[in-house]
Each structure stands twice: as structure tokens, then as C-alpha cells.
Amino acid sequence: MQTHQAGPSLSSQKPRVFKCDTCEKAFAKPSQLERHSRIHTGERPFPCTLCEKAFNQKSALQVHVKKHTGERPYRCEHCAMGFTQKSNMKLHVKRAHSYAGTLQEAVGQQEPVGEELSHTLHLEEVVQETGGEWQALANVF
DNA sequence: CAGCAGGGGGCGT
DNA sequence: CGCCCCCTGCTGT
């Protein structure tokens, strides 16, 4: 009976035997349940070595550290803008270039490409150093 | 931009 | 199996 009860996402009918007793979510793997349980306990086993923040998931920490290192692995192929997270980049592409997802051109073909643009404007280092106005600009793109 | 929550897969035991 | 890691979508400031 337990193997067919609803899981957290509702999509995916995998058996979920491991149930959280704080909330009613269930998971396919014990380690997933254990990971989930610490969002109730507030436990944060992954501290950042550069600042004093901590995370409940290692991947969250890894992404966070990129903020300190300035690493920006995900690059927009249309305007060469860099991002720390892929989903943020995807969102940017959709909004700035109205480009849903399946590669190849979309709407605005008038794009001579902004290759050297990032160099002349020093885009890599200007990001949100103190002022919050850049944040507002992000919504335009 | 930054962080959270969950799914799935690979690898060692 | 069990654990660890990476990826992805969504939410928050």
C-alpha cells in the first residue's frame, strides 16, 4: 500500500516507502528522506569557508562559493553575459532574447552579437557590489 | 542574483 | 543497496 502513496512532486509514480513523519512527504530513497528531514531540523552541515553562511545541501554550497570566486560557468550565447546558475541564465535568455529553448534563432534576429561588449564594460566585476540598482535592471532582461 | 527542495543517476560496497 | 553528487525548477530578497 505504501509504495503507491503520493510523493512530494506528484509527477513520477515511483514507489515511495520512506515517509517523513514531520510532514507527509515520502521518498524513494532513505538518503533522500534524511536530506529532507534536515529542512525540518534546520541542520546545515555544509558551511562556507569564506563567509559564515551554511547550507543544508552541498550543491547549494558549491553554487554559493562561486559568488566568492567570481566564477560564472554559464554564459548567454547571445550577449555573452555570465551566470552562476544555469536556470538564471535560461531565464535571462528567455526574457532578454525571447528565446524559449530549442536552439537556433527565435524572434530578434537583429543581433550583431555582443562579443567584446563584456570587456569594454567590465561586466564581469560590476555585478551588485553594493548598490541594488542592478537588481532592478535584471527584471528588464 | 541567491538559496531551497526534490529527482535521478553513477559508483563503491 | 546505500551514499554521494549533479541537475533542475521554483521561490525569495
Side-chain angles (χ1 to χ4, degrees), chain A residues 1-108 110-141:
Chain A
M1 295 303 284
Q2 289 182 324
T3 59
H4 291 94
Q5 66 190 193
S9 76
L10 198 62
S11 58
S12 164
Q13 304 289 45
K14 301 261 184 194
R16 299 165 189 280
V17 188
F18 307 94
K19 199 164 68 66
C20 176
D21 27 81
T22 304
C23 64
E24 281 303 303
K25 291 184 178 179
F27 298 86
K29 304 177 183 182
S31 53
Q32 286 179 322
L33 172 59
E34 191 181 345
R35 185 183 64 183
H36 163 83
S37 67
R38 67 170 76 113
I39 80 181
H40 292 304
T41 64
E43 184 186 358
R44 288 164 184 271
F46 306 97
C48 176
T49 56
L50 287 78
C51 66
E52 286 307 316
K53 288 192 175 183
F55 302 84
N56 60 1
Q57 205 167 117
K58 42 80 197 85
S59 57
L61 171 61
Q62 289 175 329
V63 171
H64 163 81
V65 168
K66 296 183 191 310
K67 189 180 64 173
H68 293 300
T69 63
E71 190 179 347
R72 256 168 185 43
Y74 304 101
R75 187 93 94 161
C76 173
E77 31 179 304
H78 298 283
C79 69
M81 201 185 214
F83 298 86
T84 59
Q85 290 184 45
K86 194 179 189 177
S87 55
N88 288 337
M89 189 270 284
K90 248 169 54 175
L91 199 62
H92 156 81
V93 172
K94 190 189 296 189
R95 299 203 282 213
H97 312 288
S98 52
Y99 176 64
T102 32
L103 211 60
Q104 306 320 314
E105 297 311 308
V107 173
Q110 5 88 304
E111 181 103 36
V113 182
E115 294 298 336
E116 351 288 293
L117 190 61
S118 61
H119 297 82
T120 56
L121 294 181
H122 298 84
L123 274 180
E124 349 267 308
E125 289 130 37
V126 79
V127 179
Q128 193 183 356
E129 233 40 72
T130 37
E133 41 251 85
W134 204 93
Q135 187 74 34
L137 278 172
N139 294 329
V140 180
F141 303 130

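We name chains A, B, ... by the order of the sequence lines, and we start the count at 1 in each one.
Between A:His36 and A:Phe27, the ring planes lie tilted relative to each other; the angle falls in the 30° to 60° range.
By the 4.5 Å heavy-atom criterion applied to side chains, A:His64 and A:Cys51 are counted as neighbours. In this structure, the side chains of A:Lys86 and A:Pro73 stay at 4.5 Å or more apart for every pair of heavy atoms. Put simply, the side chain of A:Ser37 does not reach to within 4.5 Å of the side chain of A:Glu43, judged on heavy atoms.
Picking from C:dG9, C:dT8, B:dG6 the nucleotide with the shortest atom distance to the side chain of A:Lys86 gives C:dT8. Across B:dA2, B:dA5, C:dC6, the shortest atom-to-atom separation from the side chain of A:Asn56 is found for B:dA5. Which of B:dA5, B:dG6, B:dG3 sits closest to the side chain of A:His64 comes down to B:dG3. Considering only side-chain atoms of A:Ile39, the nucleotide from B:dC4, B:dG6, C:dC10 that sits closest is B:dG6. Closest contact between the side chain of A:Gln32 and the listed nucleotides B:dG8, C:dC7, C:dG9 involves B:dG8. For A:Pro30, counting side-chain heavy atoms from C-beta on, the closest listed nucleotide (C:dC5, C:dG2, B:dG9) is C:dG2. Side chain of A:Ser31, nearest nucleotide from C:dC3, C:dG9, B:dG8: C:dC3.
Rounded to whole angstrom, the span from the NZ atom of A:Lys58 across to the P atom of C:dT8 amounts to 14 Å. Protein atom CG of A:Asn88 is 13 Å distant from nucleotide atom P of C:dC10, rounded to whole Å. When the P atom of B:dC1 is taken as reference, atom NZ of A:Lys66 falls 14 Å away, rounded to whole Å. Distance CD (A:Gln85) to P (C:dG12): 15 Å, rounded to an integer number of Å. A straight line from CG of A:Leu33 to C1' of B:dG7 spans 15 Å, rounded to a whole angstrom. Between A:Arg35 atom CZ and B:dG3 atom C1' there is a gap of 14 Å when expressed in whole angstrom units. One can place NE2 of A:His40 at 15 Å from P of B:dC4, the figure rounded to the nearest angstrom. Remark: C1' of B:dG6 and CZ of A:Phe18 are 16 Å apart, rounded to the nearest angstrom.
Close to C:dC6, at under 4.0 Å from its OP1 or OP2, lies a side-chain N or O of A:Gln62. Distances shown here put a side-chain N or O of A:Arg44 below 4.0 Å from the OP1 or OP2 atom of B:dC4. Note on A:His36: a side-chain N or O is less than 4.0 Å away from OP1 or OP2 of B:dG6. Remark: A:Arg72 is in phosphate contact with B:dC1, judged by side-chain N or O atoms under 4.0 Å from OP1 or OP2. Note on A:Lys29: every side-chain N or O is 4.0 Å or more away from OP1 and OP2 of C:dC3. Contact check, A:Lys53 against B:dG3: a side-chain N or O comes under 4.0 Å of OP1 or OP2.
Applying the 3.5 Å distance criterion, the base of C:dC10 shares a donor-acceptor pair with the side chain of A:Ser87. Residue A:Ser59 places a side-chain atom within donor-acceptor reach of the base of C:dC7, judged by atom type and a 3.5 Å distance cut-off alone.
A:Lys67 comes within 4.0 angstrom of the backbone, heavy atoms only, and of no base.
Panel note: side chain A:Arg75, backbone A:Met81; no donor-acceptor pair is recorded below 3.5 Å.
In this structure, A:Pro47 and A:Pro45 approach most closely via the heavy-atom pair CD-O, 3.2 Å.
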